[in-house]
Visitor: 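This is the structure I have questions about; it appears just below.
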Amino acid sequence: MNAVLGPLLASEFGISAAGLGLLTGVYFFSFGLFQIPLGVLLDRFGPRRVNAALLVLASAGALLFARAASFGDLVLARALIGLGVSACLMACMQAFILWFPPQRLSTMIALAYAMGGLGALTASAPLELALRFYGWREIFTALGAAALVLCLMFAFVVPEHPAAHRTPRLREAFRGLARIGRDGAFWRVALAIGTNQCAVVALFTLWITTWLRDVAGYDRAAAAQSLALVAVALMAGYLFFGRLADAFARRGRSLLPLFAGGVAGSLFCLGWLALGVTTAAVLLWAGFVFCGTAATLAHSILTRRYPRDMAGRVNTTLNTFTFIGIFVGQWGTGVILNLWPQSAAGYDPRGYSYALGALWLIQLLGLAWLWSGRTLIEKDVAIARV
């Protein structure tokens with residue numbers, strides 16, 4: 001939502017570019033910071049119960065955000081929202097692992113990400129339209145109430161799989177985390193998705209709209225409408241790569257080339273944007289986000305390496321890299337933009353070239369390290385399947 005609300009919040013609270021990056025990124029920081037303990041909770045108590053409990057915090061965070069009187073209040077509320085929704089994606093993945101066969105896993109994970117894209121679509125042009133009739137505080141109050149309704153649905157309506165939870169000893173749970181930490185293939189895949197999402201999601205959730213305003217000359221309505229088109233590309237990318245990955249899996253083919261090819265396409269689009277190209281800018285942003293969704297195949301690649309009862313810990317540990325990467329990307333972009341004087345119209349276009357160039361390089365390094373170890377990763381996957 002800050003991709004649309006950012007200029008309003010910056011004006012009302014006097015927030016700099018670095019402050020706006022911190023405000024937006026702290027959601028991902030608290031989200032990512034809780035992922036490893038979340039994995040232990042998911043494997044111990046199951047996705048339904050954990051999600052229901054944490055969504056209470058998300059609702060409280062949204063209501064606190066709606067009543068914020070200072071920048072500190074906003075940051076605290078965003079952190080609380082991030083903590084409260086930290087189980088949503090991972091609980092969804094764990095439920096899929098419990099309820100569906102492995103051959104459908106990539107498609108189901110893609111559906112989960114696509115629904116997240118639907119949320120992002122709602123927070124673009126529809127949000128801009130809602131702001132013409134309601135204040136941002138009223139909108140956040142409504143979202144807090146909606147999160148509470150979801151919490152009640154998880155608690156009283158959603159079914160629970162018979163194998164959804166068990167009571168492993170904490171020593172056993174942390175032994176599984178140690179096993180993950182010793183896996184060289186895990187580190188390569190995790191850093192690759194972290195560096196990719198450091199660029200893709202960090203830019204999509206905040207800085208695309210300011211780039212469109214400051215570099216391409218769009219007004220708020222046009223930027224929000226463009227963000228909606230990019231959100232559609234995001235959803236399409238998740239579904240495209242998910243379905244294609246399942247087709248690869250059924251033929252016994254490795255998913256690594258699909259992962260790498262998507263990230264390479266993302267790098268191609270981001271390179272032109274870093275150079276300041278504004279011709280067909282929305283198509284370049286859409287292509288950047290569409291191709292970048294291939295990195296989420298990391299969950300499908302790594303989940304197959306471990307027993308089912310470790311699914312929660314594997315996915316949440318992987319997600320730690322994803323969301324810490326997003327936090328670094330959002331805040332770091334703001335810090336770079338702050339190196340140039342800000343005008344009343346927005347940020348200096350020169351800052352965007354350096355910020356996008358830095359994210360391009362980070363993403364390239366992650367992809368290069370992943371690809372350099374592809375033989376080891378594919379060999380280990382083959383052993384794990386046996």
Side-chain angles (χ1 to χ4, degrees), residues 3 17 21 24-25 28 113 117 120 124 191-218 223 226-238 240-241 257-298 321-337 339-340 347-371:
T24 307
F28 298 101
Y113 272 106
S124 55
L191 286 173
I193 189 176
T195 54
N196 168 268
Q197 301 293 276
C198 176
V200 175
V201 179
L203 293 173
F204 172 72
T205 53
L206 179 60
W207 296 114
I208 286 180
T209 50
T210 63
W211 185 94
L212 289 169
R213 178 195 67 192
D214 300 335
V215 179
Y218 288 37
S226 299
L227 187 65
L229 294 175
V230 177
V232 171
L234 181 81
M235 296 169 61
Y238 288 136
F240 172 80
F241 284 107
L258 194 56
F259 181 117
V263 175
S266 177
L267 280 167
F268 175 80
C269 295
L270 184 59
W272 289 108
L273 292 164
L275 292 173
V277 173
T278 57
T279 303
V282 176
L283 291 179
L284 283 173
W285 280 116
F288 165 68
V289 168
F290 177 91
C291 293
T293 60
T296 59
L297 296 177
F321 290 82
T322 295
F323 282 87
I324 296 301
I326 297 169
F327 167 73
V328 171
Q330 287 187 333
W331 191 15
T333 298
V335 169
I336 293 174
L337 291 178
L339 297 177
W340 283 265
Y347 308 116
D348 194 311
R350 290 175 296 175
Y352 288 99
S353 293
Y354 283 93
L356 268 58
L359 292 174
W360 184 90
L361 179 61
I362 289 170
Q363 190 178 185
L364 177 65
L365 291 174
L367 176 61
W369 196 50
L370 171 75
W371 194 248

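Values below: every heavy atom of this structure, side chains too, minus hydrogens, waters and symmetry copies.
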Visitor: If I take atom CG from residue L270 and atom CG from residue L203, how far apart are they, to the nearest 0.5 angstrom?
Guide: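 Taking CG in L270 and CG in L203, the distance rounds to 6.5 Å.
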Visitor: Using 0.5 Å steps for rounding, measure from the CD1 atom of I326 to the CZ atom of F323.
Guide: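 One finds 5.0 Å between CD1 of I326 and CZ of F323.
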Visitor: So which atom in A358 and which in I336 form the shortest heavy-atom distance, rounded to 0.1 Å?
Guide: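 Heavy atoms only, the tightest pair is CB-CD1, 4.3 Å.
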Visitor: Work out which heavy atom in V282 is nearest to a heavy atom in L229; give both atom names and the distance.
Guide: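 It is CG1-CD1, 4.2 Å.
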Visitor: Check whether any side-chain heavy atom of F204 sits under 4.5 Å from a side-chain heavy atom of L227, and report yes or no.
Guide: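 Counting from C-beta outward, F204 and L227 do come under 4.5 Å.
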Visitor: If we only count heavy atoms from C-beta on, is the L356 to W211 side-chain gap below 4.5 Å?
Guide: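 When only atoms from C-beta onward are counted, W211 and L356 do touch, with a gap below 4.5 Å.
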Visitor: Take a 6.0 Å sphere around CH2 of W272 and say whether it holds more than 12 heavy atoms from other residues, nucleotides or ligands.
Guide: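 No - once you tally the heavy atoms of other residues, nucleotides and ligands closer than 6.0 Å, there are 12 at most.
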Visitor: Are any side-chain N or O atoms of W360 and backbone N or O atoms of L267, one a donor and one an acceptor, separated by less than 3.5 Å?
Guide: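 Between the backbone of L267 and the side chain of W360 there is a qualifying donor-acceptor contact (under 3.5 Å).
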Visitor: Do the side chains of F28 and V201 get nearer than 4.5 Å, heavy atoms only?
Guide: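 Yes, at least one pair of side-chain atoms sits under 4.5 Å.
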Visitor: Mind checking the OH-CH2 spacing from Y352 to W340? Nearest 0.5 Å is all I need.
Guide: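 Answer for the OH-CH2 pair, Y352 versus W340, is 12.0 Å.
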Visitor: Over all heavy atoms of both residues, which pair between G262 and A294 is shortest? Give the atoms and the distance, please.
Guide: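 Of all heavy-atom pairs spanning G262 and A294, the closest is CA-CB, 3.6 Å.
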Visitor: Verify side chain to side chain contact (heavy atoms under 4.5 Å, CB included) between T195 and L367, making sure each step is shown before the conclusion.
Guide: CA-CA 8 Å; T195 54; L367 176 61; over 6 Å; no
Visitor: Does T205 have any side chain to side chain donor-acceptor pair (under 3.5 Å) partners at least two apart in sequence or in another chain, and if so, which?
Guide: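 For T205, the residues satisfying side chain to side chain donor-acceptor pair (under 3.5 Å) (neighbours in sequence not counted) are Q330.
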Visitor: Ignoring hydrogens, what is the shortest heavy-atom contact between N196 and G292? Give both atom names and the distance.
Guide: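 Closest approach of N196 to G292, heavy atoms only: OD1-O, 3.2 Å.
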Visitor: Examine distances only and state if a side-chain atom of S353 and a backbone atom of A274 form a donor-acceptor pair shorter than 3.5 Å.
Guide: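 Indeed, once roles are kept as given, a pair shorter than 3.5 Å links the two residues.
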Visitor: Indicate yes or no: at least one non-hydrogen side-chain atom of S226 is less than 4.5 angstrom from one of Y218.
Guide: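 S226 vs Y218: side chains touch.
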Visitor: What closest approach, in Å, do L337 and D348 show between heavy atoms, and which atom pair accounts for it?
Guide: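 Between these two residues, the closest heavy atoms are CD2-O, 4.5 Å.
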Visitor: First locate atom CG of L273, then atom CZ of F288, and finally report the distance between them rounded to the nearest 0.5 Å.
Guide: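 So the CG of L273 and the CZ of F288 are separated by 8.0 Å.
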Visitor: Fit a plane to each ring of F290 and F241, take the angle between them on a 0 to 90° scale, and name the class: parallel (under 30°), tilted (30 to 60°) or perpendicular (over 60°).
Guide: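 F290 vs F241 ring planes: tilted.
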Visitor: Under a 4.5 Å cut-off applied to non-hydrogen side-chain atoms, are L191 and W369 in contact?
Guide: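 Yes, close enough: below the 4.5 Å cut-off.
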Visitor: Donor-acceptor pair, distance only, cut-off 3.5 Å: does the side chain of T24 make one with the backbone of G21?
Guide: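 Not at all, since once roles are kept as given, no pair shorter than 3.5 Å links the two residues.
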Visitor: Looking at every non-hydrogen atom in both residues, tell me the closest pair between A295 and Q197 and how far apart they are.
Guide: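 Heavy-atom minimum between the residues: CB-NE2, 4.2 Å.
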Visitor: Does W331, at its CH2 atom, have more than 12 non-hydrogen atoms belonging to other residues, nucleotides or ligands within less than 6.0 Å?
Guide: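 No, CH2 of W331 has 12 or fewer neighbouring heavy atoms, counting only those of other groups under 6.0 Å.
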